[in-house]
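Letters go in sequence order (proteins before strands), and every chain restarts at 1.
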Number of protein chains: 2
Amino acid sequence: MATIKDVAKRAGVAVSTASYALNGINKVSQATVDKVLKAAQELNYQKNGIASDLKRTKTNTIALILSDLSGPYFSELIKGVQDVTTSNGYDLIACSSVGGDKSTATKFLREKRVDGAIVLATNISTEAIKASAREDFPIVVLDREVANPHVIHVEVDNQQGGYDATKHLLYKGHRSIAYVSGPLDSHDNKERFKGYKAALAASEIPYHSRWTINGDFTREGGYRATRTLIAQQNLPEAIFYANDEMAIGGLQAFSEKGIRVPEDISIIGFDDIQLAAYVHPPLTTVRQPKYEAGSLSVHLIFQMLAGESVDQTYKLATEFVERDSVKKR
Amino acid sequence: MATIKDVAKRAGVAVSTASYALNGINKVSQATVDKVLKAAQELNYQKNGIASDLKRTKTNTIALILSDLSGPYFSELIKGVQDVTTSNGYDLIACSSVGGDKSTATKFLREKRVDGAIVLATNISTEAIKASAREDFPIVVLDREVANPHVIHVEVDNQQGGYDATKHLLYKGHRSIAYVSGPLDSHDNKERFKGYKAALAASEIPYHSRWTINGDFTREGGYRATRTLIAQQNLPEAIFYANDEMAIGGLQAFSEKGIRVPEDISIIGFDDIQLAAYVHPPLTTVRQPKYEAGSLSVHLIFQMLAGESVDQTYKLATEFVERDSVKKR
DNA sequence: CTGTTAGCGCCTTCAC
DNA sequence: GTGAAGGCGCTAACAG
C-alpha cells in the first residue's frame, strides 16, 4: 500500500508538500499540485485515515450507539441525527452495544475513536458512560439520566404522554384501566407509569396493582402479558401498553381469543411506530417527536464541542394520536 | 487525558512494561502488573484506540455500508452480519452512504478505517469500490456485480424469485400481468424483471411493454405507478411489484379507487418485509434469505482476510410466500 | 512556495 | 522481567 512518502518521492517533492497538495491547502503551486496528484493516482494512493486522526487528535465523526443494530429503530430519530451530523461536516457511524460493556459500542466510547456519542442503548452501563464522558467528549443519552456534567439528557416527556393516554381512556368512560409495563428498570417506562398513575389520581380512581402487568417492550412480551390478563378473567375496560410493540402483541392475543378491539376492550400504545397505523384496528397511541430528539441531540454535541455550555436535560413534548383502538362513546 | 506514558511514569516503570501489563502479555511480574493497573485506574487511563490501530495496521472492525441508516432495512440481514462479526471477535460499525462518493461510507472504505466492508448501497459508485478493494481489504457487495478479484458478490436469486412470482400468477389463471419495476439501473430489479419475462415466455404469453411501469422501490413510487396503471383504463388481471414497499403503495392506490384486492386484481410483491404480513390483504410475496445473506457475507470476508480463496459470486435461493393478495381459483 | 523535522500514542523488537 | 528506541502514516510548525 502506497503511503504519502511514496507519493512524495515519485512526485519528487517533500512529504509536507505532498500533504499540502493532497489536502488542497493553498500553499503549493498548481504545477506541484498536479504532479503530486498524478503520482498519487499512479500509485493508487489512499490516505490512511487512522494516521491522520491520530495526528489531529480528532476524528470528525460522532457515534450513534444503539442496543442492537438490527432492532426496530425509530428511523426518524436516526434521520434527525444523520441530517445534522452531515450538515455540520461530520461523519456518523452507528454501532451496536450487543455485548454490553465489552461491545463495539463501548470500545468506541472509551477509545477516542469518535468525537462524541449519542446513546440509546439500555444495555450499556451508566458507569461506562460516566467513565468516558469528558470535556472534549460529550455524550447525549436518550434513555436514562446520568449525573455527570459532560453527559446531557434528551428525553421525551414520557410522563405527560402517559398522562394523556390514560386521561383519554378515562374520558372515554373507562374506569378500569390496566397498564402493561416495559422493563422495570427502564427510565421511559417509569415515567410513563408515573403519568398513568397521575391521571388515575386526578380522576380519583384508585390504583390497583393487580392491573399492572410486566412486559418488556417486545411484541412477544405484550402478547404474554395480555394472555395472562385474559386468563385472570375479569378483563379491564381498557389497557395502556407502555409501547406500541406490546400493544400489537396484545392485539394478536385478543384476536386469538375472539375479543374485539375496541368493541370489547380499548387499548392505547406509545411511540407511534410505523406499524401502528397498519394494524387492525389502527392503534391509538402517543407519538414521540423522534426526529427532533435526534437532531437536537447532535446539535447539543456540537455546542459542547464548541465549548458552549448547555443545559443538562431537555424534555420534548409528545403528541396524542387518535386512531381506532379506543371505543368511541 | 492520560496516556500510557503517564501511567508508566506514575507506576515507575518503562512504557513498554506498562504496555505489556495493560495488554496482559505474560512478560511482567504480577507485582508490576498490579502497580501499572493501579496507576492506570488512578489516572482514569483509557487507551487511544486510534494509535493502537495505527501501530498494528489493523482495526479489527468491519463496516456495513447502507445507503441510508434510517432506511427501511432488512433487520434480519443486519442480524446475520452482526452475529458472525461479533462471534469472530470483530467489531461492526454501520455507516451511511448518504452523499454518495463523498459520504462517511466512502471515507471508511478508502481510508483503511476498517478491515473489510459489506456494501448494500446503490448510491456508492462501483469505481469507489474498485478503487478500495485490495488483497487485505475484502469487500462484499450485495447489490451489484463488480469485476474485481477482491470484491465478492452475494446475491439472492432474484431471477428465480421473479419467475416464481409470475408463474404463480399465471397458475392462478391470470393472463395479463403488469410489472412495476424498481429503478432501471438496479441489479436486483433487472434480475426480477428477467424472471418475469422468462415466466411469461415459458407460458407463451407475449410480453407487452405497455404493462411494465417504472417505479423506484419506494411506497410512493408504487402508489404513483399504480395510479397511472389505473388511469390507463383496462387494468391487467394481476400486478407483480418488484418489491413490497411498492406493492403497499399500490394497495393504497387501489383502496382509494375502490378496487378490491384480490377480488378485482391480484398482486404480488418481493422481499417479504415485516409490513407485508400486516397490510390488507396480507401480501403474497417472495422472501429473501436475508439472515443467511448477511452471515455469509461476513464469513466470506473473514475467509478472504485469512488468505483463503473464495468464489466470486454466491447466489441464494428465494422462497415463495403465499398470503392473500392473489385471487384464489 | 517547498523542505526539514518533530511528534500524535502506541506497540514491539532488541539489548540488558 | 524491564527499559530504550524505533517506527506506524500523517500533519503542521518552522525554516529556507
Shoot me the first and last contacting nucleotide of DNA chain C against chain B, ordered 5' to 3', at under 4.0 angstrom to non-hydrogen atoms. C/dG9 to C/dT13

Inter- and intrachain pairs under side chain to side chain donor-acceptor pair (under 3.5 Å), touching residues 21-31 of chain A, at least two apart: A/Ser19-A/Asn23, A/Ser29-A/Thr32, A/Gln30-A/Asp34

May I have all residue pairs that pass salt bridge (Lys or Arg N to Asp or Glu O under 4.0 Å) and include part of residues 124-142 of chain B, sequence neighbours excluded? B/Arg134-B/Asp136

What residue pairs, at least two apart or across chains, pass salt bridge (Lys or Arg N to Asp or Glu O under 4.0 Å) with a residue in residues 85-109 of chain B? A/Asp91-B/Lys107, A/Lys107-B/Asp91

With side-chain contact (heavy atoms from CB on, under 4.5 Å) as the criterion, how do A/Leu142 and A/Glu155 come out once you've worked through the C-alpha distance, each side chain's angles and the decisive distance to 0.1 Å? CA-CA 6 Å; A/Leu142 297 172; A/Glu155 78 168 326; over 6 Å; no

Only counting residues at least two apart or in another chain, list the ones meeting side-chain hydrogen bond (donor to acceptor under 3.5 Å, both in side chains) with A/Asp83. A/Tyr291

Going 5' to 3' along nucleotides 8-14 of chain D, which nucleotides have protein heavy atoms under 4.0 Å from the base (write B), which only from the sugar-phosphate (write S), and which from neither (write -)? BBBBBBB

Can you list every side chain to side chain donor-acceptor pair (under 3.5 Å) pair that touches residues 297-311 of chain B, not counting sequence neighbours? none

Which pairs, with at least one residue in residues 10-24 of chain A and sequence neighbours excluded, count as a salt bridge (Lys or Arg N to Asp or Glu O under 4.0 Å)? A/Arg10-A/Glu42

Going by the salt bridge (Lys or Arg N to Asp or Glu O under 4.0 Å) test, which pairs reach into residues 109-121 of chain A, not counting sequence neighbours? A/Glu111-A/Arg113, A/Arg113-B/Asp53

Apply salt bridge (Lys or Arg N to Asp or Glu O under 4.0 Å) to B/Asp216 and list each qualifying residue two or more places apart in sequence or on a separate chain. B/Arg224

Describe, as an angle rounded to 10 degrees, how the axis at the first end of the helix from C/dC1-D/dG16 to C/dC16-D/dG1 is tilted relative to the axis at the last end, five pairs per end. 40°

Go through the structure and list residues passing side-chain hydrogen bond (donor to acceptor under 3.5 Å, both in side chains) with B/Asn189, not counting sequence neighbours. B/Tyr179

